[in-house]
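No hydrogens, no waters, no symmetry mates; every other heavy atom, side chains included, goes into these values. In what follows, residues are counted from 1 in the order of the sequence shown.
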Amino acid sequence: GNNRMELNYFRDRLFDLLNDSEGMGIADLNADERNSLLTVRTENGNVFEIICRQAAGKEDGWTTAN
């Protein structure tokens, strides 16, 4: 449905942000679209996974921490 398209859009924009970021020391970036997963390898050899998923049922409980 529409949520899937929004999720893909969000993931793609997040990929672009990370790809263009200066000073984060990112050596490699990989997008696994089937699992909505971004894998980041830093210049010092750490590997991180970012999972992009719709936060179902959490829309109403959103609070802003001040």
Side-chain angles (χ1 to χ4, degrees):
N2 194 27
N3 283 352
R4 182 48 126 180
M5 197 165 95
E6 287 178 22
L7 179 60
N8 289 340
Y9 178 83
F10 179 80
R11 188 199 61 235
D12 291 345
R13 296 290 74 76
L14 186 57
F15 181 93
D16 291 342
L17 269 175
L18 289 168
N19 208 25
D20 296 341
S21 68
E22 300 293 329
M24 279 188 70
I26 293 174
D28 197 22
L29 192 57
N30 183 59
D32 178 350
E33 297 187 1
R34 200 162 53 86
N35 297 309
S36 280
L37 196 63
L38 300 178
T39 306
V40 181
R41 186 167 54 85
T42 63
E43 288 167 357
N44 60 8
N46 289 321
V47 178
F48 300 102
E49 285 182 339
I50 303 169
I51 301 166
C52 299
R53 63 175 173 241
Q54 189 83 22
K58 297 183 181 174
E59 297 85 351
D60 296 338
W62 187 265
T63 55
T64 305
N66 291 330

Task: Heavy-atom pair of closest approach, residues L37 and E49 - done: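 Minimum heavy-atom contact is CD2-OE2, 3.8 Å.
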Task: Heavy-atom closest pair, residues T39 and V47 - done: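 So the two residues come closest at CG2-CG1, 3.6 Å.
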Please round to the nearest 0.5 Å and tell me the distance separating atom [atom1] of [X] and atom [atom2] of [Y].
{"X": "L17", "Y": "D12", "atom1": "CG", "atom2": "CG", "value": "11.5 Å"}
{"X": "S36", "Y": "L7", "atom1": "OG", "atom2": "CG", "value": "4.0 Å"}
{"X": "N19", "Y": "I26", "atom1": "CG", "atom2": "CD1", "value": "7.5 Å"}

- [ ] Give the intermediate values and the outcome of side chain to side chain contact (heavy atoms under 4.5 Å, CB included) for residues L38 and R11.
- [x] CA-CA 8 Å; L38 300 178; R11 188 199 61 235; 3.9 Å; yes
Task: Axial cation check for Y9 ring with R13, 6.0 Å and 45° limits - done: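 Because its charged atom sits under 6.0 Å from the ring centre and within 45° of the axis, R13 does stack over Y9.
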- [ ] Determine, using the 4.5 Å side-chain heavy-atom cutoff (strictly less than), whether F15 and F10 are members of one ILVMFWY cluster.
- [x]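 Linked, F15 and F10 end up in one cluster.
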Open item on the list: Does V40 form a side chain to side chain contact (heavy atoms under 4.5 Å, CB included) with I50? I'd like the steps, not just the answer.
Closed with: CA-CA 8 Å; V40 181; I50 303 169; 4.1 Å; yes
